[in-house]
Student: 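Input: one structure, supplied below.
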There are 2 protein chains.
Amino acid sequence: MNSLQNPSEDGIKVLIVDDEPSIRDLLTRHLRFEGFRTHAVGNGHDAVDAAEKGEPDIILLDVMLPDMSGFSVTKKIRSMGITAPVLFLTARDETEDKITGLTVGGDDYVTKPFSLAEIVARIQAILRRTKAAESQDAVLEVGEVRINNDAHEVYANGTLVDLSPTEYNLLHFLMSNPNQVLKKEQILNHVWDYDFGGNTAIVESYVSYLRRKLDALTVEPVIITKRGVGYMYRSTKKA
Amino acid sequence: MNSLQNPSEDGIKVLIVDDEPSIRDLLTRHLRFEGFRTHAVGNGHDAVDAAEKGEPDIILLDVMLPDMSGFSVTKKIRSMGITAPVLFLTARDETEDKITGLTVGGDDYVTKPFSLAEIVARIQAILRRTKAAESQDAVLEVGEVRINNDAHEVYANGTLVDLSPTEYNLLHFLMSNPNQVLKKEQILNHVWDYDFGGNTAIVESYVSYLRRKLDALTVEPVIITKRGVGYMYRSTKKA
DNA sequence: GACTTTTCTGAGAATAACCTGATAAAAGGT
DNA sequence: ACCTTTTATCAGGTTATTCTCAGAAAAGTC
């Protein structure tokens with residue numbers, strides 16, 4: 001039926017540029033699953049081509065490409081009058097000043113390895129800023145909990161809850177798919193980086209952390225364990 | 001003559017890839033019975049061939065194949081532009097990171113041994129997400145009972161019923177085939193894993209569990225014993 | 001009604017799933 | 001460099017679930 005997390009993102013075209021086929025594949029498959037239209041290329045030359053012909057709404061661009069750097073690609077396409085925002089994919093140790101220097105305007109960047117939830121969130125944020133397109137809202141309120149994705153703040157019945165980054169990401173993912181059981185594997189795939197080595201036990205830990213912080217402030221527990229299946233965020237209790 | 005559970009799934013092509021003939025046979029026979037069109041092969045090379053020529057809607061792919069791994073097969077067919085979703089069949093102890101890494105898009109996986117009901121449910125879920133084909137709905141309501149497959153929740157006349165996973169699976173299977181007698185063996189084959197060692201007495205136990213939980217909430221008993229034959233879920237009472 | 005067969009159900013042991021506190025390592029801030 | 005926060009792993013305790021079995025109950029047969 002609906003894709004997870006972003007049922008409304010329908011006609012948005014994403015150009016994916018990365019020389020590693022596995023990353024291209026990962027992003028292509030996931031973003032398609034989320035409802036985006038994608039096109040993937042493996043080098044800078046093809047990227048310029050595709051940016052011109054494909055008219056993407058947003059470009060995911062690896063900064064380390066075999067033929068030319070992602071920054072050269074950006075300059076080139078900007079000089080051609082293409083204004084689509086760029087989300088740079090960088091290695092952790094990339095000199096950050098270079099990146100921040102180029103991420104003017106609506107651009108942004110994420111460091112590898114990233115989580116899929118992060119990529120989608122950044123795309124959402126960029127599109128929200130630039131096009132004001134009907135993309136995911138910055139504020140998500142389900143049941144007794146309100147989550148503000150711009151400020152990264154969570155309120156439970158009006159009280160600000162202090163969450164760690166991972167706790168926040170997990171809650172955001174759960175709240176994006178209310179009343180739907182999410183398997184632990186599924187959660188791990190979305191919320192943790194794609195190269196995370198551990199097993200799903202960590203999901204249990206973080207659910208525990210979240211419950212400790214949230215359940216003290218809510219009438220109903222918000223995260224339901226579906227034993228043998230997964231976890232579910234419950235918005236409205238049904239008698 | 002009618003297929004169980006999914007009379008509408010008619011033209012969907014399933015490619016089955018497993019080196020064990022018994023598993024190939026089990027899946028072929030069952031999925032055909034369910035109304036799918038199937039084609040089965042026993043190694044990676046043939047799988048790539050069949051994926052190209054057969055244009056399957058979905059691929060059931062064992063990850064342990066004699067000539068190449070299921071992941072290599074996936075990469076190969078993806079590079080050929082084939083986007084059909086893959087349902088991986090894996091051993092329980094398979095390194096999970098490998099699997100989870102590849103199952104981010106529409107893909108999914110089940111661990112061996114699986115139950116046939118699980119396979120069908122996963123295929124349904126994948127097709128529902130990707131192709132939006134007119135496949136099984138997430139909510140199934142028959143008579144006084146409503147079952148929500150997204151939330152894995154069951155309501156009897158509006159009251160939430162707490163079921164264990166196996167109880168849920170059994171009820172789901174019964175409700176998928178209302179007003180139709182199901183033999184205990186049939187139920188065992190669908191709902192329990194294919195390597196289940198015990199006998200059909202366990203079906204009796206679980207029917208008993210279900211009745212205890214459901215009949216308190218319904219006017220009519222929903223599960224009827226057809227002595228000497230099997231059980232039947234009845235939607236509208238028929239004398 | 002008496003007998004046979006089949007089904008139902010309660011009890012219990014073994015197992016699996018889950019929760020949580022402790023802890024160590026890593027990251028981040030001052 | 002120090003302290004704090006955060007992340008990740010692990011093991012013990014706890015609860016839910018699965019499965020089997022045996023006796024009770026019900027249905028069918030003569």
Student: Roughly how many Å is it from OH in A:Y206 to P in C:dG21, rounded to a whole number?
Tutor: 16 Å

Student: Roughly, in whole Å, what's the span from CG in B:N199 to C1' in D:dC19?
Tutor: 10 Å

Student: Would you mind reading off the distance between A:L188 atom CG and D:dA8 atom C1', rounded to a whole angstrom?
Tutor: 12 Å

Student: Would you please name every residue forming a salt bridge (charged side-chain N to carboxylate O under 4.0 Å, His left out) with B:R122, sequence neighbours left out?
Tutor: B:D108, B:E118

Student: Expressed as a whole number of angstroms, how long is the span from B:D215:CG to C:dT9:P?
Tutor: 9 Å

Student: Ignoring hydrogens and angles, write down the donor-acceptor pairs under 3.5 Å from the side chains of residues 18-27 of chain B, residues two or more places apart or on other chains.
Tutor:
from: B:D18; atom 1: OD1; to: B:E20; atom 2: N; distance (Å): 2.9
from: B:D18; atom 1: OD2; to: B:K112; atom 2: NZ; distance (Å): 2.9
from: B:R24; atom 1: NH1; to: B:D18; atom 2: O; distance (Å): 2.8

Student: I'd like to check the salt bridge (charged side-chain N to carboxylate O under 4.0 Å, His left out) partners of A:K226; sequence neighbours left out, ordered by chain and number.
Tutor: B:E153

Student: Check the distance between C:dC18's C1' and A:I202's CD1 and give it to me in whole angstrom.
Tutor: 16 Å

Student: Return the set of residues passing salt bridge (charged side-chain N to carboxylate O under 4.0 Å, His left out) with A:D150 (not counting sequence neighbours), or none when no residue passes.
Tutor: A:R128

Student: Under the salt bridge (charged side-chain N to carboxylate O under 4.0 Å, His left out) definition, can you give me all pairs with a residue in residues 196-210 of chain A, not counting sequence neighbours?
Tutor: A:K184-A:E204

Student: With sugar-phosphate meaning primed atoms plus P, OP1 and OP2, does B:F196 contact a base, only sugar-phosphate, or nothing at under 4.0 Å between heavy atoms?
Tutor: sugar-phosphate

Student: Quick one: label A:Y209 by what it contacts on the DNA or RNA (base, sugar-phosphate, nothing), any heavy atom closer than 4.0 Å.
Tutor: base

Student: Does OP1 or OP2 of D:dT7 have a side-chain N or O of A:W192 closer than 4.0 Å?
Tutor: no

Student: Does C:dC8 have OP1 or OP2 under 4.0 Å away from a side-chain N or O of B:Y231?
Tutor: yes

Student: Think B:R211 has a side-chain N or O under 4.0 angstrom from the OP1 or OP2 of C:dC8?
Tutor: yes

Student: Closest approach to the side chain of A:T225, judged atom by atom: which nucleotide of C:dC18, D:dT20, C:dT7 is it?
Tutor: C:dC18

Student: Between C:dT7 and B:K184, is there an OP1 or OP2 to side-chain N/O distance shorter than 4.0 Å?
Tutor: yes

Student: Quick one: do A:R234 and A:E220 make a salt bridge, cutoff under 4.0 Å?
Tutor: no

Student: Quick one: which of C:dT20, D:dA8, D:dT17 gets closest to the side chain of A:S208?
Tutor: C:dT20

Student: So which nucleotide from D:dT20, C:dT7, D:dT7 ends up closest to the side chain of B:S205?
Tutor: D:dT20

Student: Rounded to 10°, tell me the angle between the two end axes of the helix from C:dG1-D:dC30 to C:dT30-D:dA1, each built from five pairs.
Tutor: 30°

Student: Write down the distance between NZ (A:K183) and P (C:dA17), rounded to a whole number of angstrom.
Tutor: 14 Å

Student: Could you give the CG-to-P distance, from B:L163 to D:dT18, as a whole number of Å?
Tutor: 10 Å

Student: What nucleotide, of C:dT7, D:dT9, C:dC19, holds the atom closest to the side chain of A:E204?
Tutor: C:dC19

Student: Under 3.5 Å, is there a donor-acceptor pair between the B:N149 and B:Y168 side chains?
Tutor: yes

Student: Nearest to the side chain of A:T166 - D:dT7, C:dG21, C:dC8?
Tutor: D:dT7

Student: Side chain of B:R227, base of C:dT6: donor and acceptor closer than 3.5 Å?
Tutor: yes

Student: Give the nucleotide from the list C:dG21, D:dG28, C:dC8 with an atom nearest to the side chain of A:R212.
Tutor: C:dG21

Student: Could you state the atom-to-atom distance from CG of A:L210 to P of D:dA8 in whole Å?
Tutor: 14 Å

Student: Between A:E185 and B:Y109, does any side-chain donor sit less than 3.5 Å from a side-chain acceptor?
Tutor: yes

